[in-house]
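I have placed the structure first, in the form of structure tokens, so that the comments after it can refer back to it.
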2 protein chains.
Amino acid sequence: MINFTIKFQSGVPIYEQVIYAVKKAIVTEQLKAGDRFPSVREVSKELRINPNTAQKAVSHLVRERLLEIKPGIGSIISELGAATKAQRDKILNDEVEKLVVESKRLSIKKEEVVDAINRGWKLDNKEG
Amino acid sequence: MINFTIKFQSGVPIYEQVIYAVKKAIVTEQLKAGDRFPSVREVSKELRINPNTAQKAVSHLVRERLLEIKPGIGSIISELGAATKAQRDKILNDEVEKLVVESKRLSIKKEEVVDAINRGWKLDNKEG
DNA sequence: CTAGCTGTACTATATCACATAATACACCTG
DNA sequence: CAGGTGTATTATGTGATATAGTACAGCTAG
């Protein structure tokens with residue numbers, strides 16, 4: 001069985017939506033380290049997407065060290081590890097900057113953004 | 001002359017990079033409301049991109065109300081207006097959530113993210 | 001008025017990402 | 001051995017991206 005939630009929307013690649021749904025499920029502890037992750041064929045069948053698309057999502061998640069493969073058996077959720085400097089910089093510089101620029105252009109106040117982050121930090125996973 | 005800065009990187013569509021560079025220049029007041037914006041052919045020639053790609057960027061900026069067209073003359077930077085509810089929701093829900101999820105998966109602390117936002121809020125435009 | 005700028009709109013071509021389909025193979029487990 | 005696992009391959013179709021070249025209507029400065 002699939003143990004994470006997802007609701008597809010157009011305009012975003014399917015495999016990216018799967019990756020994000022899994023990330024969010026892990027971060028919200030809906031999926032915990034050591035939990036079994038459904039097989040490629042299982043994901044493909046339950047989400048009704050192509051096996052290759054499911055495989056693409058899984059391989060990305062492995063490369064990002066969110067999943068570990070047990071050959072011949074299946075895959076499990078990894079522990080959340082520390083970030084590399086490059087990863088930290090990408091978030092704390094590039095991604096934050098994008099959010100700031102978009103907020104400013106829409107005349108959204110800094111306090112509103114910070115509030116939204118405080119609110120979002122204690123996440124309850126409603127949809128994916 | 002081009003009055004905003006940009007440094008292209010691969011993996012992101014050129015027209016999107018142009019859009020972001022202009023947004024950032026406006027938000028950092030490197031470009032101010034009423035300033036003349038270079039013509040499509042000017043942008044195309046100076047950035048050495050195809051006129052159609054430049055046109056694509058400009059038309060998106062017009063649709064997002066960051067530029068106004070003066071037919072036969074050129075275009076100018078618009079005033080920053082208030083956001084619609086949908087635009088606010090997209091930033092304060094979706095975009096913030098993405099940032100939170102990515103931060104948590106890399107074990108980045110909330111305080112670090114908030115600090116980065118405080119720092120980024122007073123932007124000096126180094127590159128685009 | 002004319003020349004030269006402006007935005008805009010076509011047609012055409014090439015490349016790449018995305019998604020799908022259908023097989024195939026090596027690995028491990030029960 | 002049978003059946004599950006991840007993984008790789010070939011093929012097809014669609015759409016976005018970027019390029020090139022051409023064209024036209026509108027406005028302005030000379």
Side-chain angles (χ1 to χ4, degrees), chain A residues 1-4 6-23 26 31 34-78 128, chain B residues 1-4 6-23 26 31 34-78 128:
Chain A
M1 269 298 291
I2 293 292
N3 44 11
F4 59 94
I6 186 168
K7 204 182 74 182
F8 288 116
Q9 50 193 15
S10 63
V12 186
I14 295 175
Y15 80 95
E16 280 186 11
Q17 299 188 49
V18 174
I19 291 172
Y20 184 69
V22 175
K23 271 184 196 171
I26 293 176
L31 290 178
D35 283 359
R36 183 182 170 281
F37 189 79
S39 74
V40 169
R41 289 169 179 81
E42 217 170 338
V43 172
S44 151
K45 193 161 281 179
E46 296 239 10
L47 299 184
R48 284 183 297 185
I49 62 180
N50 191 276
N52 299 319
T53 305
Q55 159 66 15
K56 189 171 183 179
V58 168
S59 70
H60 278 249
L61 286 166
V62 170
R63 199 171 317 143
E64 297 188 42
R65 303 186 190 286
L66 291 167
L67 289 184
E68 285 171 33
I69 298 298
K70 303 292 180 182
I73 306 194
S75 50
I76 61 169
I77 309 294
S78 306
Chain B
M1 268 299 290
I2 294 291
N3 43 11
F4 59 93
I6 187 169
K7 202 181 74 180
F8 288 116
Q9 50 194 14
S10 62
V12 186
I14 295 175
Y15 80 96
E16 280 186 10
Q17 297 189 51
V18 174
I19 291 172
Y20 184 69
V22 175
K23 272 185 195 170
I26 293 176
L31 290 177
D35 284 358
R36 183 182 170 282
F37 188 79
S39 74
V40 169
R41 289 169 178 79
E42 217 170 337
V43 172
S44 150
K45 193 161 284 181
E46 296 240 9
L47 300 184
R48 284 182 297 184
I49 61 179
N50 191 276
N52 298 319
T53 305
Q55 159 66 15
K56 190 171 182 178
V58 168
S59 69
H60 278 249
L61 287 166
V62 169
R63 199 171 316 142
E64 296 189 42
R65 303 186 190 285
L66 291 167
L67 289 185
E68 284 171 33
I69 298 298
K70 304 292 182 184
I73 305 196
S75 50
I76 60 169
I77 308 294
S78 305

Show me the donor-acceptor pairs within less than 3.5 Å that the side chains of residues 34-45 of chain B make with the rest of the protein, sequence neighbours left out.
residue: B/Asp35; atom: OD2; partner: B/Lys32; partner atom: N; Å: 2.9
residue: B/Arg36; atom: NH2; partner: B/Glu42; partner atom: OE1; Å: 3.3
residue: B/Ser39; atom: OG; partner: B/Glu42; partner atom: N; Å: 3.1
residue: B/Glu42; atom: OE1; partner: B/Ser39; partner atom: N; Å: 3.3
residue: B/Glu42; atom: OE2; partner: B/Met1; partner atom: N; Å: 2.6
residue: B/Ser44; atom: OG; partner: B/Ile49; partner atom: O; Å: 2.9

Show me, pair by pair, the donor-acceptor contacts under 3.5 angstrom made by side chains of residues 69-78 of chain B, not counting sequence neighbours?
residue: B/Ser78; atom: OG; partner: B/Glu68; partner atom: OE2; Å: 3.4

Tabulate below the donor-acceptor pairs under 3.5 Å that side-chain atoms of residues 52-59 of chain A make, not counting sequence neighbours, or state none.
residue: A/Asn52; atom: ND2; partner: A/Asn50; partner atom: OD1; Å: 3.1
residue: A/Ser59; atom: OG; partner: A/Gln55; partner atom: O; Å: 3.3
residue: A/Ser59; atom: OG; partner: A/Lys56; partner atom: O; Å: 2.9

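Contacts between residues 53-65 of chain A and DNA chain C, defined by a heavy-atom separation under 4.0 Å, are made by A/Thr53, A/Lys56.
Residue A/Tyr15 contributes atom OH, which lies 4 Å from atom P of C/dC18 at whole-angstrom precision. Between B/Glu42 atom CD and C/dG7 atom C1' there is a gap of 14 Å when expressed in whole angstrom units. The distance from atom CG of B/Leu67 to atom P of C/dT8 is 10 Å, rounded to the nearest whole Å. Distance CD (B/Glu68) to P (C/dG7): 14 Å, rounded to an integer number of Å. The interatomic distance linking A/Leu47 (CG) with C/dC18 (C1') rounds to 17 Å, in whole Å.
For A/Pro13 and B/Lys70, each mapped to the nucleotide of DNA chain C holding its nearest heavy atom, the one lying further toward the 5' end belongs to B/Lys70. Nearest-nucleotide mapping onto DNA chain C: of B/Pro38 and A/Ile49, the residue sitting toward the 5' end is B/Pro38.
Side-chain N or O atoms of B/Gln17 include one that pairs as donor or acceptor with a backbone N or O of B/Val12 at under 3.5 Å.
A distance of 5.5 Å separates NE2 of A/His60 from CD1 of A/Ile19, quoted to the nearest 0.5 Å. Rounding to the nearest 0.5 Å gives a distance of 7.5 Å between NZ of A/Lys23 and CG of A/Leu61.
A/Arg36 comes within 4.0 angstrom of sugar-phosphate atoms only, judged by non-hydrogen atoms across all strands, and of no base.
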B/S/- along nucleotides 22-30 of chain C (protein heavy atoms under 4.0 Å) is B-B--BSS-
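Running 5' to 3' along DNA chain D, contacts with non-hydrogen atoms of chain A at under 4.0 Å begin and end at D/dG4 to D/dT9.
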